[in-house]
Amino acid sequence: IEMIVANVTLMGMDRAILRFHAKGDWPDTLLKSVFTVWACFSWIPFAVTLALYLAGWETLFSIPVAPHLLLLSVITSLFNLNFLCICIGRAQRKLPIFLRFRLGYMALKLAAVLAFATYSGDSISYVLGIAAAALIMLVVIFPFLYRNMGGYTDWGVVRQLLGFGWPFVFHIFSANILGYFSRFFLEAYNSTTDVGIFTFAFTLGSALYVGYAALATYFEPQIYAHSGDVARCERWLGIYTNVCLTFASAGGALLLI
């Protein structure tokens with residue numbers, strides 16, 4: 001639910017930033033228009049969850065509607081705000097920005113979830129943990145947006161952004177369902193505990209992707225920038241390959257330890 005709701009309500013604005021901000025399209029209005037789209041859709045999950053609660057629904061997929069899903073519906077909008085900052089860093093080809101928001105949030109999330117789980121041992125620990133991480137990240141997000149956003153909302157640009165972004169919703173929705181539907185099979189044949197163990201192991205493996213994404217953010221633009229010079233392009237590609245292999249070896253050793 002967390003992944004699907006967060007990605008669908010983005011409406012493809014992460015891709016829009018990578019596509020248009022990197023090229024310098026609509027420099028005075030793009031980012032303000034993107035965050036206008038975010039504001040228009042970020043309240044919908046909370047409204048739907050609140051409607052379910054008022055209609056008498058107690059659980060959804062065995063998850064309590066209150067307080068779990070009500071709190072989660074608010075957190076996803078903050079998560080998306082952080083993710084859009086990550087995309088700005090990628091579009092500007094600035095690795096420190098990417099690392100600050102991507103790794104900062106992930107480290108806070110891991111620490112907070114484990115802390116709450118150790119303290120309470122209840123399922124609400126996960127929701128409280130990501131809520132704490134998202135709220136702490138606001139200290140970094142607000143100054144960053146104040147420096148970078150500026151401009152004004154152009155509703156013509158908003159319409160073009162929605163036209164560009166809405167087809168991604170179907171891709172994201174189907175990809176997330178295919179990626180996470182295995183949990184339902186596990187629960188059918190095993191137990192909720194087995195689903196939790198599988199999900200945790202899957203998360204550890206997926207976390208390696210963050211490292212590769214950081215490397216790609218730096219190396220790919222360098223490789224493309226020297227595409228006209230075969231020797232320099234091959235040198236950058238060789239460095240990229242060696243760094244990826246080193247990172248994979250270190251990640252594997254860490255998991256074994």
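Note that these values count all heavy atoms, side chains included, but never hydrogens, waters or copies made by symmetry.
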Inset, instruction - Evaluate whether atom CZ of F173 has more than 12 neighbouring non-hydrogen atoms of other residues, nucleotides or ligands under 6.0 angstrom away. - result: no
Inset, instruction - Could you tell me the separation between the CD1 atom of I86 and the CG atom of L81, rounded to the nearest 0.5 Å? - result: 10.5 Å
Legend entry - Partner of W26 by side-chain contact (heavy atoms from CB on, under 4.5 Å), out of Q160, K32, H21: Q160
Legend entry - Y53 atom OH, neighbour heavy-atom count above 12 within 6.0 Å: no
Legend entry - Shortest non-hydrogen separation from T76 to E2 and the atoms involved: CG2-O, 4.1 Å
Legend entry - Exercise: identify the closest heavy-atom pair between M13 and V37: CG-CG1, 3.8 Å
Inset, instruction - Would you check if S77 and T9 make a side-chain contact, meaning some heavy-atom pair closer than 4.5 Å? - result: no
Inset, instruction - Give the cluster check for L161 versus L18: same hydrophobic cluster or not, with ILVMFWY residues linked at side-chain heavy-atom distances below 4.5 Å. - result: no
Legend entry - Nearest-0.5 Å distance, CZ of residue F41 to CE of residue M11: 4.0 Å
Legend entry - Gap between atom OG1 of T49 and atom CG of L72 - 0.5 Å precision: 8.0 Å
Inset, instruction - Following the transitive rule for hydrophobic clusters with a side-chain heavy-atom cut-off under 4.5 Å over Ile, Leu, Val, Met, Phe, Trp and Tyr, establish whether F181 and I172 coincide in one cluster. - result: yes
Inset, instruction - Nearest 0.5 Å please: distance from the CG atom of L138 over to the CZ atom of F142. - result: 4.5 Å
Inset, instruction - Please report the closest heavy-atom contact between A248 and Y212, naming both atoms and the distance. - result: CB-OH, 3.1 Å
Inset, instruction - Could you tell me whether the side chain of W57 and the main chain of A51 form a donor-acceptor pair under 3.5 Å? - result: no
Legend entry - N82 side-chain N/O to F79 backbone N/O, donor-acceptor pair under 3.5 Å: no
Inset, instruction - State plainly whether one hydrophobic cluster holds both I197 and F202, where clusters connect Ile, Leu, Val, Met, Phe, Trp and Tyr through side-chain heavy atoms under 4.5 angstrom apart. - result: no
Acceptor/donor pairs from residues 231-238 side chains to any protein atom, 3.5 angstrom cut, sequence neighbours excluded:
{"residue": "R232", "atom": "NH2", "partner": "H226", "partner atom": "NE2", "Å": "3.2"}

Inset, instruction - Pick out which of I88, T153, V157, I17 makes a side-chain contact (heavy atoms from CB on, under 4.5 Å) with V34. - result: I17
Inset, instruction - Not counting sequence neighbours, which residues clear side chain to side chain contact (heavy atoms under 4.5 Å, CB included) with R159? List them please. - result: W155
Legend entry - Interatomic spacing from CZ in F219 to CD1 in I239 - rounded to 0.5 Å: 6.5 Å
Inset, instruction - Please answer: with hydrophobic residues joined when any side-chain heavy atoms are less than 4.5 Å apart, are L54 and V65 in the same cluster? - result: yes
Legend entry - Verdict with reasoning, L78 to M137, per side chain to side chain contact (heavy atoms under 4.5 Å, CB included): CA-CA 9 Å; L78 301 181; M137 285 303 299; over 6 Å; no
Legend entry - Residues F198, S182; criterion side chain to side chain contact (heavy atoms under 4.5 Å, CB included); working and verdict: CA-CA 10 Å; F198 172 82; S182 55; 3.9 Å; yes
Per-pair distances, 0.1 Å, donor-acceptor, side chain in residues 99-120, under 3.5 Å, sequence neighbours excluded:
{"residue": "K109", "atom": "NZ", "partner": "Y126", "partner atom": "OH", "Å": "3.2"}
{"residue": "T118", "atom": "OG1", "partner": "L114", "partner atom": "O", "Å": "2.7"}
{"residue": "S120", "atom": "OG", "partner": "F116", "partner atom": "O", "Å": "2.9"}
{"residue": "S120", "atom": "OG", "partner": "D122", "partner atom": "N", "Å": "3.4"}
{"residue": "S120", "atom": "OG", "partner": "S125", "partner atom": "OG", "Å": "2.7"}

Inset, instruction - Decide yes or no on side chain to side chain contact (heavy atoms under 4.5 Å, CB included) for C244 and L215, but give the supporting numbers first. - result: CA-CA 8 Å; C244 283; L215 294 175; 4.1 Å; yes
Legend entry - Minimal non-hydrogen separation, D14 against C87, with atom names: CB-SG, 3.4 Å
Inset, instruction - Considering non-hydrogen atoms only, spot the tightest contact between Y152 and S33 and give its length. - result: O-OG, 4.2 Å
Legend entry - Worked check of side-chain hydrogen bond (donor to acceptor under 3.5 Å, both in side chains) between N80 and S42: CA-CA 8 Å; N80 282 347; S42 62; over 6 Å; no
Inset, instruction - Test C85 against I97 for side chain to side chain contact (heavy atoms under 4.5 Å, CB included), laying out the working first. - result: CA-CA 8 Å; C85 293; I97 296 175; 5.8 Å; no
Inset, instruction - Start with the C-alpha distance between F184 and F61, add both sets of side-chain angles, then the distance that settles ring pair (Phe, Tyr, Trp, His ring centres under 6.0 Å), and finish with yes or no. - result: CA-CA 10 Å; F184 292 97; F61 295 112; 5.7 Å; yes
Inset, instruction - Hey, could you give me the CD1/CG distance between I75 and L69, rounded to the nearest 0.5 Å? - result: 10.5 Å
Legend entry - V195 with I1, same ILVMFWY side-chain cluster at under 4.5 Å: no
Legend entry - Closest non-hydrogen atom pair, C40 against W43: O-NE1, 2.7 Å
